[in-house]
Amino acid sequence: MRDTGQCINVDAGGKAFMVDGTQVNQLTLQALVKKQVLIPCGKDLFGQGVTAYRISEEAIAA
């Protein structure tokens, strides 16, 4: 993910997926967001829900 710049996408049902379709465990996603390894990079059309996450610059530098 770091090398390719991919994002983790979240569908309308709240399930997270990599670009290649690999499902991301919800607990893993929440833990990485809490540690600020992943940060939101997309919102839904109404600007309310997060639809994508990317690796934070701090995590890339580490």
Hey, could you give me the CG/CD1 distance between Leu32 and Ile8, rounded to the nearest 0.5 Å?
7.0 Å
For Cys7 and Arg54, which heavy atoms make the closest approach, and how far apart are they?
SG-CB, 4.0 Å
Side-chain (Asn9) to main-chain (Ala52) donor-acceptor, under 3.5 angstrom:
no
For a quick test of reading the model, state the closest non-hydrogen atom pair linking Cys41 to Tyr53 and the distance between them.
SG-C, 3.8 Å
Search all heavy atoms of Asn25 against all heavy atoms of Leu27 and return the closest pair with its distance.
OD1-N, 2.7 Å
side-chain contact (heavy atoms from CB on, under 4.5 Å) evaluation trace for Lys15 with Gln23
CA-CA 8 Å; Lys15 293 184 180 180; Gln23 189 170 357; 3.9 Å; yes
Are Phe17 and Leu29 linked, directly or through intermediate hydrophobic residues, by side-chain heavy-atom contacts shorter than 4.5 Å (ILVMFWY only)?
no
Val24-Val19 co-clustered via ILVMFWY side chain contacts under 4.5 Å
no
Is there a donor-acceptor contact under 3.5 Å from the side chain of Ser56 to the main chain of Ile39?
no
